[in-house]
Amino acid sequence: MDKINSMKKLISFLLISLAIPIHTSAQQLDFPKSAHTKIEDLQTAMPQLAKKMIEIYKEDDRQKYLDHLFRLQMIATNYNEAIATIRSLREVFKVKDPSHANMANMVYEIFCSTRVTQTAKNISFEDAFQQSFRNAYSKLNDTDAYRVSWSFGYNLARAQNALQQSLENLKDRDSIDLNEALQLVQQYQPYQVYKLLSPLTSALIKEDENRRYIIQDDVLIKTKEGATLSAIVVRKKGIDTPQPAALCFTSYTDLSLNLALQAASYGYVGVTAETRGKRLSPDEIDPYEHVARDAYGVIDWISKQPWCNGKVGMYGGSYSGFAAWAATKTLHQVLKTIVPYVANNPGDGLPMENNIFLFVNYAWAFYVTNNKYLDNTTYFDSKRWGDLNNRWYQSGKSYREIDRVDGTPNKWLQRWLQHPSYDEYWQRMVPYKQDFARINIPVLTITGYYDDGQQSALHYLKEHYKHNKNADHYLLIGPYDHFGAQSSRKPWVLRGYTIDPVAQMDTPEITFQWMDFILRNGAKLPILADKMNYELMGANEWRHAPSLEKMSNSMLTLYLTNRSLEIITN
């Protein structure tokens, strides 16, 4: 017994002397019941809670610790300390994600600086924020300023609902454990920040954009077929010589300006053209059928502008990836490259796959055709679409009648259902068979292992090589889903899988580095060491092969059968 007690004392001593964190998730912290329902009591209770947590919170993971710590310091109104912690956190980020580290949590640093300036100068929050914002943005290059501007986007209503739900879960309790408190902090802190910043941000971001760029958001392009297309052109101020243009063709008009600004931030003339009928176009909305011809018309218009040097690159994800391929149906001489990511292939991927229509795309037609912009209210009504799926199944009606079950005619669905096979209707939208033989420009395809449109993205790649043995076509594929493959920052955990650090690549950055390589004789990207480039999950490395077939060294054939493996192999 004495030996056991002595051992316990020794272990306790070692834990203390080695400063091993003893996590206190079970420790209860005072948190008044009134804070669950009264905003004024919540705003009093949270700083007190944060100060107590700063004293006791320990965490082995330094990144996680610093992330929680600066939020606690902000709630406790220790703004100078929070700024120091944010900068320490950036040093940690530099190891994993160096290209974005210097912008990490910039919004929160600007907020803390605002509070420090407000107190020091005894001025209003708005005046202090304007000073802090302008000071921070004056030090950012164009690309970083564009990225930080995205960080100011925040859904206040959704955040408020999440915060209220967390408080509801604590109802009738007068204490909270550490893990619950950390979760509450993660919701309370950003909500309080963005509640103050959101009304002030748009004007300042617009001011900074106008300082950097010439923005034409009312361009109308007339094609030889008689269509009038809406477009946005963004050019860097102070550049008088013609530049290459980066074109994105889209139906997602809410993103049009951002896409053009992004291209301009990388030194290109950013052009976003929109599907017939969208935004300023007087035509009937048409999301697919005329894109091949309209894209040619847009590229021809760009080629005649004094700011274009005769080189155009197209890029974009999903629908815009399809549009980039559509533009190669009839290749314009100034289109020098395309970078399609997770590109869909109408008729054989979306809105159907292997002759089976996909319900997941049922609402998409409403999303892009209900108005000149995007019908977010309808598209993101998950209850409506979930209920419809169940009601249609229970009705026993054919899929052709699903819009009758919904109660709203779906014009585009009915048109697509007239073409259940991959007939001429679909074939004329994108390159088909021998069309691929004429595509002699460099192509970079980006997709993901988890991309639900991967079949389409790889279809273009396979067809290009099938009909053009000398195709200059590269593939970049890794552990990404449909949205992650298009984004600057990938989720570190995807469907339960923690992606390797090396897989954290920036798709827009890769896109414009590729554009530099092709359009400006820049350096070739190291990640594109061969035609097929893939991240080996779990190995934390990129591998390279000359063809899809060479990406593996063996094949495994699987049989759909209820017979035992022994019978099959015999």
Note, [X] side chain near [Y] side chain (heavy atom, < 4.5 Å):
X      : Y      : answer
Ser151 : Met106 : no
Asp142 : Tyr213 : yes
Ile285 : Val368 : no
Asn309 : Gln243 : no
Thr201 : Tyr194 : no
Met429 : Val291 : no
Lys531 : Tyr465 : yes
Asp254 : Asn376 : yes

Looking at [atom1] of [X] and [atom2] of [Y], how far apart are the two atoms once the value is rounded to the nearest 0.5 Å?
X      : Y      : atom1 : atom2 : value
Leu461 : Thr447 : CG    : OG1   : 10.0 Å
Tyr362 : Asn389 : OH    : CG    : 11.0 Å
Leu280 : Thr253 : CG    : OG1   : 10.0 Å
Asp435 : Thr330 : CG    : OG1   : 7.5 Å
Leu413 : Trp416 : CG    : CH2   : 7.5 Å
Leu444 : Leu476 : CG    : CG    : 6.5 Å

Check for a donor-acceptor pair, side chain of [X] on one end and backbone N or O of [Y] on the other, with a separation under 3.5 Å.
X      : Y      : value
Asn105 : Tyr108 : no
Trp514 : Leu525 : no
Lys336 : Pro442 : no
Asn161 : Ala157 : yes
His419 : Trp426 : no
Asn533 : His544 : no
Asp283 : Thr228 : yes
Asp286 : Tyr288 : yes
Trp492 : Thr498 : no
Gln454 : Gly448 : yes

If you look at every heavy atom in [X] and [Y], which pair is closest and at what distance?
X      : Y      : value
Ala263 : Tyr315 : CB-OH, 3.9 Å
Tyr154 : Ala159 : OH-CB, 3.1 Å
Arg391 : Asp406 : NH2-CA, 4.1 Å
Ser487 : Lys490 : O-NZ, 2.6 Å
Val334 : Gly310 : CB-O, 3.4 Å
Tyr450 : Met537 : OH-CE, 3.3 Å

If we count only N and O atoms by modelled type, under 3.5 Å, do the side chains of [X] and [Y] hold a donor and an acceptor together?
X      : Y      : answer
Glu463 : His459 : no
Asp67  : Gln186 : yes
Glu289 : Tyr425 : yes
Tyr137 : Ser149 : yes
Lys311 : Thr337 : no
Thr272 : Ser256 : no

Using a 6.0 Å cut-off, check whether atom [atom1] of [X] has over 12 heavy atoms from anything other than its own residue.
X      : atom1 : value
Lys462 : NZ    : no
Tyr399 : OH    : yes
Tyr393 : OH    : no
Lys64  : NZ    : no
Lys222 : NZ    : no

Check for me whether [X] meets the cation-pi criterion with [Y], that is, NZ or CZ under 6.0 Å from the six-membered ring centre and within 45 degrees of the ring axis.
X      : Y      : result
Arg520 : Tyr268 : yes
Lys329 : Tyr296 : no
Arg384 : Phe366 : yes
Arg147 : Trp150 : no

Checklist entry - Who passes side chain to side chain donor-acceptor pair (under 3.5 Å) against Glu535, sequence neighbours left out? => result none
Next on the checklist: Show, in sequence, the C-alpha distance, side-chain angles and deciding distance for Lys397 and Arg404, and conclude whether the side-chain contact (heavy atoms from CB on, under 4.5 Å) test is met.
Outcome noted: CA-CA 9 Å; Lys397 295 182 181 296; Arg404 295 184 184 180; 5.5 Å; no
Checklist entry - Going through the checks in order, is the side-chain contact (heavy atoms from CB on, under 4.5 Å) test met by Trp364 and Trp412? => result CA-CA 10 Å; Trp364 187 84; Trp412 283 95; over 6 Å; no
Checklist entry - Is the shortest distance from a Lys or Arg side-chain nitrogen in Glu225 or Arg293 to a carboxylate oxygen in the other one below 4.0 Å? => result no
Checklist entry - In terms of ring plane angle, is the pair Phe512 and Tyr266 parallel, tilted or perpendicular, where the classes change at 30° and 60°? => result parallel
Checklist entry - In terms of ring plane angle, is the pair Tyr367 and Phe380 parallel, tilted or perpendicular, where the classes change at 30° and 60°? => result perpendicular
Checklist entry - Should Glu274 and Leu229 be marked as a side-chain contact (heavy atoms from CB on, under 4.5 Å) after you check the CA-CA gap, both sets of side-chain angles, and the distance that decides it? => result CA-CA 6 Å; Glu274 296 153 335; Leu229 306 176; over 6 Å; no
Checklist entry - Checking side-chain contact (heavy atoms from CB on, under 4.5 Å) for the pair Leu140/Val148: CA distance, chi angles, key distance, verdict? => result CA-CA 9 Å; Leu140 297 174; Val148 173; 4.0 Å; yes
